[in-house]
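For reference, positions follow the sequence shown, starting with 1.
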Amino acid sequence: MPADRALRIVLAEDSVLLRDGLVALLTRFGHEVVAAVGDAETLLAAVAEHEPDVVVTDVRMPPGFQDEGLHAAVKLREERPGLPVLVLSQYVQRAYAAELLDSGDGTGVGYLLKDRVGQVEEFVAALREVAAGGTVVDPEVVRQLLRRRRDPLARLSPREREVLALIAEGRSNGAIAKALVVSDAAVGKHIGSILTKLDLPPADDTHRRVLAVLAYLRS
């Protein structure tokens, strides 16, 4: 997908104020919101009607205000494995976040907290990344998934856990070294040890490392 291509988006958000704000924001960046709906059932119908490039959906929507939007997102990914879906939420639904990340063919999926919408350019960049088949996960979601899977991480040292969390946030080796005040060589050794202990294949590309960590979290 060309980097400057306008996206056709189906948006699901029960708050009228936030929904209208997102429509205005996305339109300002040159994208087309082909449908903006307020509940999960209408979301499913809108996707079937419009066949969008990407879906953006809230988690809690009518009628129960529980996890209807996330269930709809997983259902859409099961029916259309290649459909990019970006979930926005005020909360981290840990079990369903893992299910979402494992849905479809494993590409074109994102889970961001709504605070990210305030960082406009980051949000729009994340949306385009998901639409292009990438995986975008809020660092807080990563941290909570890591806490949920703490027992399988028992083999890692405290420093290796720090490095793993930074890898999962998409940090480069240099950024990790700067954050932990260690050398690049030390970071490389930690990463090699982590991948060995978690039975993950080594990978140089940052994005592939993030996907490897997420694959481990899903297992």
Side-chain angles (χ1 to χ4, degrees), residues 1-13 22-37 43-44 46-59 69-70 72-89 96-142 145 166-173 175 200-201 203-218:
M1 177 182 299
D4 58 349
R5 175 189 162 188
L7 299 173
R8 299 177 66 256
I9 302 164
V10 166
L11 170 66
E13 166 59 55
L22 284 169
V23 170
L25 170 63
L26 294 168
T27 301
R28 178 159 62 87
F29 276 82
H31 303 303
E32 179 186 4
V33 179
V34 295
V37 303
L43 166 61
L44 297 175
V47 171
E49 177 181 355
H50 295 285
E51 295 292 337
D53 296 315
V54 61
V55 171
V56 178
T57 181
D58 188 11
V59 170
L70 197 47
V74 172
K75 180 178 176 62
L76 287 170
R77 296 272 295 171
E78 289 173 348
E79 295 174 348
R80 300 169 173 80
L83 175 66
V85 173
L86 175 61
V87 167
L88 289 175
S89 178
Y96 293 114
E99 186 176 354
L100 173 72
L101 294 170
D102 200 33
S103 64
D105 61 1
T107 64
V109 63
Y111 194 121
L112 294 180
L113 298 183
K114 285 184 176 178
D115 290 346
R116 293 285 175 177
V117 177
Q119 302 170 25
V120 174
E121 292 187 355
E122 287 187 19
F123 167 66
V124 174
L127 177 63
R128 185 167 287 284
E129 176 72 15
V130 169
T135 301
V136 178
V137 185
D138 195 284
E140 181 58 28
V141 177
V142 172
L145 288 174
L166 293 171
I167 292 172
E169 291 180 14
R171 305 263 191 121
S172 67
N173 285 17
L200 294 170
D204 294 327
D205 179 75
T206 301
H207 184 62
R208 289 179 60 201
R209 294 206 316 254
V210 173
L211 293 181
V213 172
L214 292 174
Y216 172 73
L217 293 172
R218 298 172 187 141

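With sequence neighbours left out, A126 forms a side-chain contact (heavy atoms from CB on, under 4.5 Å) with L112, V136. Annotation: side-chain contact (heavy atoms from CB on, under 4.5 Å) contacts of E49 (sequence neighbours excluded): none. Residues meeting the side chain to side chain donor-acceptor pair (under 3.5 Å) test with E79, sequence neighbours left out: K75. When the side-chain contact (heavy atoms from CB on, under 4.5 Å) test is applied to A48, the partners found at least two apart in sequence or on another chain are R80. With sequence neighbours left out, A72 forms a side-chain contact (heavy atoms from CB on, under 4.5 Å) with A40, L43, L44.
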| task | Starting from the C-alpha separation in whole Å, work towards a yes-or-no answer on side-chain contact (heavy atoms from CB on, under 4.5 Å) for V10 and V56. | result | CA-CA 6 Å; V10 166; V56 178; over 6 Å; no
| task | Starting from the C-alpha separation in whole Å, work towards a yes-or-no answer on side-chain contact (heavy atoms from CB on, under 4.5 Å) for T135 and T107. | result | CA-CA 6 Å; T135 301; T107 64; 5.6 Å; no
| Working for side-chain contact (heavy atoms from CB on, under 4.5 Å), residues K114 and D58 | CA-CA 9 Å; K114 285 184 176 178; D58 188 11; 3.2 Å; yes
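Taking CG of D138 as the reference point, atom CG of L113 lies at 4.0 Å (rounded to 0.5 Å). Summarising the geometry, atom CG belonging to L7 is positioned 5.5 Å from atom CG belonging to L127; distances are rounded to the nearest 0.5 Å.
Side-chain contact check for V59 versus Y111: some heavy-atom pair is nearer than 4.5 Å. Two residues are said to be in side-chain contact when any heavy atoms from C-beta on lie closer than 4.5 Å; V54 and H31 fail this criterion. Using a 4.5 Å cut-off on side-chain heavy atoms (C-beta onward), V130 and P84 make contact. Side chains of E32 and L26 form no contact here, defined as non-hydrogen atoms less than 4.5 Å apart.
Checking side-chain atoms of R8 against main-chain N and O of H50 turns up a donor-acceptor pair under 3.5 Å. When atom types are taken as modelled, the side chain of R128 and the backbone of R5 share a donor-acceptor pair closer than 3.5 angstrom. In this structure, the side chain of R77 engages the main chain of L83 through a donor-acceptor pair within 3.5 Å.
Checked against L11 for a side chain to side chain contact (heavy atoms under 4.5 Å, CB included), the options V55, L22, L86 give a single hit: L22.
Taking every heavy atom of both residues into account, V85 and A73 meet most closely at CG1-CB, 3.8 Å. Taking all atoms of both residues into account, the shortest heavy-atom contact from G30 to A6 is O-CB, 3.1 Å.
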